[in-house]
Protein chains: 4
Amino acid sequence: MPQGAAMRAAGPRANGPRRRAEEIVEAAAAVFAEKGYHGASTQDVADRLGMRQASLYYYFRSKEAALEQVCLRDVGMMIERALEVANGDGGAVEKLSGIVRNHLLSLGERLAFVRCILRERRFLPKESRGRINRAMRRYERIVQAVIESGIASGALRRDLDARVTTLAVFGLCNAPVDWLGKEPGVTVEDIARSFVQLLLGGIAPGRAGR
Amino acid sequence: MPQGAAMRAAGPRANGPRRRAEEIVEAAAAVFAEKGYHGASTQDVADRLGMRQASLYYYFRSKEAALEQVCLRDVGMMIERALEVANGDGGAVEKLSGIVRNHLLSLGERLAFVRCILRERRFLPKESRGRINRAMRRYERIVQAVIESGIASGALRRDLDARVTTLAVFGLCNAPVDWLGKEPGVTVEDIARSFVQLLLGGIAPGRAGR
Amino acid sequence: MPQGAAMRAAGPRANGPRRRAEEIVEAAAAVFAEKGYHGASTQDVADRLGMRQASLYYYFRSKEAALEQVCLRDVGMMIERALEVANGDGGAVEKLSGIVRNHLLSLGERLAFVRCILRERRFLPKESRGRINRAMRRYERIVQAVIESGIASGALRRDLDARVTTLAVFGLCNAPVDWLGKEPGVTVEDIARSFVQLLLGGIAPGRAGR
Amino acid sequence: MPQGAAMRAAGPRANGPRRRAEEIVEAAAAVFAEKGYHGASTQDVADRLGMRQASLYYYFRSKEAALEQVCLRDVGMMIERALEVANGDGGAVEKLSGIVRNHLLSLGERLAFVRCILRERRFLPKESRGRINRAMRRYERIVQAVIESGIASGALRRDLDARVTTLAVFGLCNAPVDWLGKEPGVTVEDIARSFVQLLLGGIAPGRAGR
DNA sequence: GATGAATGAGCTTTCATTCAT
DNA sequence: GATGAATGAAAGCTCATTCAT
């Protein structure tokens, strides 16, 4: 368990000053992911940091503001990774494989954050929720563009509905959020390999003349 | 609150006494699905029924008990439907198609309930959460058994990992919980057709000799 | 001290149900008057009633709402009394005397309320503050109209500025809010008599030809 | 809050060190007058100075100490002005006019301070409140002495109650604290003239033989 | 069956204050 | 002189729950 132990600061101030805010965002992500935004208290977050609850408010205007930070933290990075792949060389199949693999890698590395983005962002107030949603739609559009161009070029099956396919890809790739780490013997790499295999070829054996 | 006059709805009343409890479960499902279990108050549930908040406690011992009822309501039905298909005639491909279609139909009909089962059951206390989890695992096992027999019989690709494939099927089929009704022009039927198509054949065109 | 002792309810429920809200308004008035709105806590109000603090919120949406009730409670009555006099018989001098006397009587009877109206209403949110201010201005206008008609008729000195005179009358009549009950041997009746005497004749002896 | 860059105002700084404390007293007076002592935060005071909140504590031991400074600041000056007039030449009528005029002038010049003295001093702890109260009573006694001697000499009406008259004079003279600056077209000079006129002659026309 | 009244526990947030630097 | 960081205490408010009626 890479998170349970040893995170109590040595005294007040042990890391750089900018770092403290990030520590809080990380603790908030972990706590919100575990208990849900509304099920978690700011005290829970403080406990995880060995901090007094009131001190959190030195760094964040409100609990909501902390959730917003959590949700914004990695969205940008995931989009950039996807964009790089989408703008790189290779056909639609290679691109999609790359995007899926990257997505699952991010998910494995930053599970708490992704959980918050997917499940807790809806509790944000309208405005900041809008900001996250726009980012997510940008991400979706990148993937959908790859799929559309694949369909057009014949790299993907011509009878696909691009929109539903995009939603399906995301649904599939986000699913591990619910069970990652709980399925013994299943690593992110396993999942990535299996999902790519499944997405591209399906679960039925090759259909020669279809 | 001393708010003088009445508010009794004319409609809902006049049904049997057993029916009232079900109305409450339905209201709770809707409210918990919309606001999250912890984000919803019992007052929210009462409001939706034109009832006083204290009256809910005539029907339910606690908020948690209501959530448990919500989560248990349809799980049984979904399992039965899956079992029927699994025990019926046809190969693994047909069975899987049938199960996916049924699942999506249930999801479309009882969206609020499924949302609660998927997202809110984790807030139940250990014991009742265990009960739901056991039901879900029974459901999964039915599907996994179909997949395993399909792999064994060659109806499905032999290089699949049955466990991950099962998780993938569920991940895919549960995904619409997040966007059903928000994607204009996409019906449950569309989704079912697309998902079956995708699951079985993947998104890349047929690969003759693999 | 007509308020210090014996107000603890015998059990829960001892007075009528509508009465409870009024008791709270009265307690709030007393507490806000004594400690200032921001210096008083809802706990202080609850303590004075032998009630739990949370129970206040069964009757009032917020601390601010309680202050609003306090401020609105007697304003209407004071205006009505003034209107009655203003619309009654008699010259401007008699009317003004009557209004001053009534005002001081109200002030003596409902000291805590008047203190809140005068000192604490400014802490209300814009909207409800506006409501109180409008009532106060209506009150002022009644008095100013009497003064203006008095000046016009010659019942009052012709060289007066009606506006400043009105403000002066109110300033004088509200002043006892700061010391009523603290000046030994000075009753409301004394004050009323003295103020009328002063207002009408001033403190210098009669000036025959001015 | 980790807010990187500077905010030091170019203007205020560069004065002597003693001056800074006075700036703070002035800012505190303005803020306390506007929001009330308990409604104002030390942050509000710091904001008004472009200062960090913690820095205030270099100059003042506590918020209360700042209020005490505010309340003491001008009381002495007002008393001295009153004493000068009281000990000067002229009859009671002239002296009273002078005192009233001076009081209103002070009030106009130092509105925030006077507001705090009148409305906020009651929130001081016993001891320092006592100090202010003693000063106020000294002030009152000076005025009351003038009134008493005026009554004795016949310069003022013989049927007056000296105590109530003193309270009335103060009540009247302090009233503008509530509306000064909000009554369009009314200057301190107007008020002074009107109040003297009113106090001495009342609002009814001269009564020759009373 | 249903509700008005009440409450204990807990929540987010604010704030005056301290202190090392 | 001034400040960033932290904190204890308390505030207003919400909420699930209880209970007499």
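Per chain, numbering begins at 1; letters A, B, ... match sequence-line order.
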Please state how far atom [atom1] in [X] lies from atom [atom2] in [N], giving the value in whole angstrom units.
X	N	atom1	atom2	result
D:Gln43	F:dG4	CD	C1'	13 Å
C:Lys35	F:dA10	NZ	P	12 Å
A:Arg61	E:dT12	CZ	P	16 Å
D:Asp44	E:dA16	CG	C1'	13 Å
C:Tyr59	E:dA5	OH	P	5 Å
A:Leu56	F:dG4	CG	P	19 Å
B:Asp47	F:dC15	CG	C1'	13 Å
A:Glu22	F:dA5	CD	P	14 Å

Donor-acceptor pair present, C:Gln53 side chain and F:dC13 base, under 3.5 Å = yes

Separation between CZ (B:Arg122) and CD1 (B:Ile132), nearest 0.5 Å, reads 15.0 Å

When rounded to the nearest 0.5 Å, the distance separating CZ of D:Phe32 from CZ of D:Phe113 is 11.0 Å

Contact class for D:Ala40 (heavy atom, under 4.0 Å): base, sugar-phosphate, or nothing?
sugar-phosphate

- Message: What's D:Ser55 touching, base or sugar-phosphate or nothing? Going by heavy atoms closer than 4.0 Å.
- Response: base

_I'd like to check C:Tyr59 versus C:Met51 (side-chain heavy atoms, cut-off strictly below 4.5 Å). Are they in contact?_
yes

Candidates [options] - which lies nearest the side chain of [X]:
X	options	value
D:Arg20	F:dA2, E:dG1, E:dA6	F:dA2
B:Tyr57	F:dA16, E:dT18, F:dC15	F:dA16
B:Lys63	E:dA16, F:dT17, F:dC13	F:dT17
A:Ala54	E:dT14, E:dT3, F:dT3	E:dT14

Judged by nearest nucleotide, the residue sitting upstream toward the 5' end of DNA chain E, C:Met51 or A:Ser62, is C:Met51

Between [X] and [N], is there a contact of a side-chain N or O with OP1 or OP2 at under 4.0 Å?
X	N	result
A:Thr42	E:dT12	yes
A:Tyr58	F:dA5	yes
B:Arg52	E:dG4	yes

Counting distance only, does the side-chain N/O of A:Lys63 pair as donor-acceptor with the main-chain N or O of A:Tyr37 below 3.5 Å?
-> yes

Only one of A:Ser128, A:Ser62, A:Pro125 passes side chain to side chain contact (heavy atoms under 4.5 Å, CB included) with A:Glu68, and that residue is A:Ser128

By the Watson-Crick or G-U definition, both distances under 3.5 Å, F:dA2 is matched with E:dT21

